[in-house]
Amino acid sequence: MNVVVCVKQIPDPAAPPSLDPATNTLNRSGKLILDDSDAYGVEMALQLVDAAGGGEVTLVSMAPNGEVSGLRTALAMGAAKAILVSDDVLVGSDALGTAKVLAAAIRRAAPDLVLAATESTDGYTGTTPVQVAELLGFPSVTFAKKVEVSGSTVKVQRQTEAGFDEVESPLPAVVTVTAGVVEPRYPSFKGIMAAKSKPVETLTVADLGIDPSEVGATGARQAITSVTAAEARQSGEIVVDEGDAHERIIQFLEQLKVL
Amino acid sequence: MFEWSAEQLMVRDAVRAFVEKEVKPHVAELEHGDLLPYGIMRKLYTTFGMDQLARDRFARQLEARRRELAGAGAHQTPTDGGAPARQGDGGAAAMTLIPIIELCHYCPGIVTAMGVSIGLAAGTVLKRGTPAQMERWGLELATMEKIGAWAITEPGSGSDALGGMLASARRDGDGYLLNGSKTFITNGPYADTIVFYAKLDDGSDTPVRDRKVLTFVLDAGTPGLVQSPPFAKMGLHSSPTGELFLSDVRVGRDHLLGETEDEAGGGGRESAKDNFVQERAGVAAMALGVIEACLALSVDYARERTLWGQPIGDRQLVQLKLAKMEVARLNVANLVFRHIELSAAGKQLTLAEASAMKLYAAQTASEVAMEAVQLFGGNGYMSEFRVEQLARDAKVFQIYAGTDEIQVTHIAKALLGT
């Protein structure tokens with residue numbers, strides 16, 4: 001079974017982020033790393049391929065400046081190869097533009113299953129995977145906390161607010177996985193050493209046959225018009241117990257309409 | 001080499017994540033003897049596939065040993081006298097040293113326990129053992145399935161370990177009777193396999209000091225062998241250290257390393273010296289880990305701690321401490337890089353160079369860690385702030401793997417040609 005995992009390479013969250021004042025978009029000029037939330041998809045894919053007894057995991061990513069650092073991390077975990085789309089015309093792409101690029105790249109890999117995180121850690125739109133599914137004409141299942149493949153069907157436990165739904169879908173399909181789906185492995189030393197010689201196919205928009213006017217800032221139908229600093233979090237109320245703390249807690253919960 | 005490569009940084013980041021998750025939360029238990037280090041060591045090995053790498057390497061070592069024996073018809077082991085031409089290791093030395101550095105940010109004791117088991121015990125068996133001995137003891141030590149100890153030091157001899165050794169091996173039929181006691185033995189209390197050094201007592205009147213040194217491999221539980229409980233120590237609490245007592249321990253010739261009394265071919269003095277260069281380079285990497293940790297903790301503290309309304313980092317006396325720590329970090333990192341680069345080029349530090357590197361790195365790590373305690377003031381004396389543990393742990397770098405004073409003699413001997 002062949003699985004494609006959509007992975008995003010993002011600025012290191014440990015470093016202070018900065019916005020480009022002209023476009024209000026995140027500054028991505030520095031070194032990028034594998035988005036932590038994508039490590040779950042990579043691990044899930046590796047396990048599904050193992051369970052199927054054959055096939056391989058292909059990474060698909062779109063990033064500026066031919067960036068491969070994050071891809072190497074996922075290749076070190078055990079993915080077989082990667083497709084990277086990197087092209088200056090993609091600067092300023094919105095979620096749909098990104099989905100068009102990813103869908104075109106995924107089509108080349110002809111996968112049985114596509115996995116993605118529910119949302120990226122830097123952009124948080126959470127819309128790209130379902131757009132990819134729509135463009136590919138695949139069914140999509142979101143928020144998977146457990147994924148199993150049986151024959152040509154994928155069985156998913158789909159996280160809900162109350163618990164989970166059991167969902168089945170024919171393959172090929174797009175499934176987004178939550179952070180709880182599996183525990184990502186550490187790359188082994190052998191895996192790290194092997195990663196640098198694994199194939200990374202770097203493509204441009206033209207290679208994918210996409211009209212450049214449909215992507216990048218030109219094709220974007222979504223623009224960030226202004227940015228406001230998030231409000232500082234209000235400090236909580238401290239209840240000093242003078243014998244009536246339980247009553248005050250009950251009052252508080254009643255105010256919240258929890259009780 | 002002036003910085004880590006992209007690949008080495010991936011190794012560092014992966015090990016760092018492991019250390020944060022698997023070591024950091026257990027430091028207190030490790031320090032207080034509530035948790036032995038062996039579970040974490042084995043998990044490190046299996047997580048990063050180091051056990052499989054050791055298995056692959058073992059197959060090659062065994063094959064080479066068999067070929068060597070078939071070709072030479074006798075034991076031919078490289079000695080310190082003529083370092084053989086080696087192939088470059090492709091930077092493999094870094095793969096060993098990076099985990100050492102990262103572990104030492106929190107727990108140098110784990111490195112000591114691991115280094116003795118893998119570097120000294122497994123290393124000696126794999127370098128000097130017969131193919132049968134390599135298979136019987138070497139493989140499981142190299143993969144960390146078994147824990148090893150390396151027993152040379154005795155209560156009456158430390159720096160004079162070989163000359164002053166009193167432990168004896170008397171021929172007894174087709175085997176040997178071993179007697180004596182060993183002390184300061186890392187992993188001694190819990191080791192499954194012990195590499196044990198003793199003087200051959202052949203009944204002649206050769207003075208004890210001049211007798212041949214033989215090396216034996218012993219299994220825990222052998223009748224007459226007692227492994228003491230761990231000592232209480234100044235630092236390095238996560239590495240169990242103990243004594244060994246042997247009274248009339250009878251072993252067959254199959255336990256004699258290399259199955260020969262010929263010192264050059266089997267165990268003996270040369271086998272004890274085999275490890276000096278690697279061991280000293282390893283201690284320098286440990287020192288680098290302690291220095292990096294102390295520097296990072298000190299910089300954070302200098303920024304956050306305020307006195308008289310301003311961060312202590314604004315004070316020049318504090319800045320001087322930080323600057324000296326940074327100088328130490330750069331110097332020791334460069335020494336470690338040099339060792340890695342030499343290995344990659346198929347070369348090796350001379351004993352004098354390794355001694356110089358170890359002497360400087362050990363003294364510097366101790367100074368940096370004590371200065372970190374001073375920078376933290378009262379908090380530095382409290383365990384919660386970690387630097388006191390690192391300072392106690394770093395002190396041993398100046399004592400084990402050859403004291404500072406012994407390093408000086410090795411450097412001077414090379415300089416003066418004596």
Side-chain angles (χ1 to χ4, degrees), chain A residues 7 9-16 30-40 42-43 46-47 50 59 61 63 65-80 82 84 86 121 179-180 182-200 202, chain B residues 3-24 40-60 88-103 114 118 142-144 296 300 303 340 343-344:
Chain A
V7 296
Q9 303 176 84
I10 64 169
D12 190 343
K31 187 192 166 193
L32 303 178
I33 64 167
L34 179 69
D35 188 340
D36 251 359
S37 64
D38 287 326
Y40 301 94
V42 174
E43 179 63 42
L46 292 169
Q47 291 187 14
D50 261 2
L59 310 166
S61 187
N65 310 322
E67 179 64 55
V68 293
S69 305
L71 291 176
R72 293 282 175 220
T73 304
L75 290 169
M77 288 173 71
L84 172 69
S86 193
T121 309
V182 275
E183 182 67 23
R185 71 191 66 186
Y186 293 97
S188 72
F189 288 179
K190 209 173 179 176
I192 290 172
M193 288 185 274
K196 71 174 171 197
S197 51
K198 287 183 174 174
V200 177
T202 304
Chain B
E3 62 184 6
W4 299 114
S5 68
E7 197 175 66
Q8 287 161 348
L9 285 176
M10 279 176 78
V11 170
R12 186 200 70 181
D13 291 348
V15 175
R16 186 168 288 180
F18 176 91
V19 170
E20 291 284 332
K21 188 166 174 227
E22 305 289 344
V23 178
K24 186 182 171 187
I40 292 175
M41 282 156 52
R42 290 191 173 111
K43 194 163 185 183
L44 176 79
Y45 253 58
T46 52
T47 298
F48 293 105
M50 291 158 89
D51 54 340
Q52 190 52 49
L53 288 175
R55 231 167 258 128
D56 297 346
R57 201 179 315 121
F58 176 81
R60 291 195 299 274
D89 69 358
M95 298 296 180
T96 309
L97 296 181
I98 290 170
I100 290 176
I101 296 167
E102 293 300 316
L103 283 164
M114 200 162 82
I118 296 281
T143 58
M144 200 102 64
D300 285 349
R303 283 202 184 108
I340 293 169
S343 300

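Computation of the quantities below employed the complete heavy-atom set of this structure, encompassing side-chain atoms and omitting hydrogens, waters and symmetry-equivalent molecules. Naming convention: chains lettered A, B, ... in sequence-line order (proteins, then strands); numbering from 1 in each chain.
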- Message: For a 4.5 angstrom cut-off between non-hydrogen side-chain atoms, does B:V11 reach A:M193?
- Response: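 A side-chain contact is absent here, since even the closest heavy-atom pair is not under 4.5 Å.
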
- Are A:F189 and B:V15 close enough that some pair of their side-chain heavy atoms sits under 4.5 Å apart?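 Contact flag for A:F189/B:V15 side chains = yes.
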
- For B:A94, all residues meeting side chain to side chain contact (heavy atoms under 4.5 Å, CB included), sequence neighbours excluded: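 For B:A94 the side chain to side chain contact (heavy atoms under 4.5 Å, CB included) partners, ignoring immediate neighbours, are B:W4, B:Q8, B:I98, B:I340.
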
- Residue from B:T47, B:D13, B:L9 scoring the most non-hydrogen pairs under 4.5 Å with chain A is B:T47

Are more than 12 heavy atoms, taken from residues, nucleotides or ligands other than [X], located less than 6.0 Å from that residue's [atom1] atom?
X: B:R303; atom1: CZ; value: no
X: A:K31; atom1: NZ; value: no
X: A:D36; atom1: CG; value: no

- Message: Can you classify the ring geometry of B:F18 versus A:Y186 as parallel (below 30°), tilted (30 to 60°) or perpendicular (above 60°)?
- Response: perpendicular

- Query: In Å, rounded to the nearest 0.5 Å, how long is the span from OG1 of A:T73 to CE of B:M10?
  - Reply: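 That separation rounds to 4.0 Å.
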
- Item | A:S188 side, atom OG; B:Q52 side, atom CD - distance, nearest 0.5 Å |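 Between A:S188 OG and B:Q52 CD, I get 10.0 Å after rounding to 0.5 Å.
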
- Item | Region of B:A6 that comes under 4.5 Å of a non-hydrogen atom in chain A |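 For B:A6, neither part sits under 4.5 Å from chain A.
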
- Message: For B:E7 and A:K190: C-alpha separation, side-chain torsions, deciding distance, then whether salt bridge (Lys or Arg N to Asp or Glu O under 4.0 Å) applies.
- Response: CA-CA 11 Å; B:E7 197 175 66; A:K190 209 173 179 176; over 6 Å; no

- Query: Among A:S69, A:P187, A:A195, who wins on heavy-atom pairs under 4.5 Å with chain B?
  - Reply: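 The option with the most such pairs is A:P187.
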
- Side chain from CB out, backbone as N, CA, C, O: work out which of these in A:R72 comes under 4.5 Å of a heavy atom of chain B, or both, or neither. both

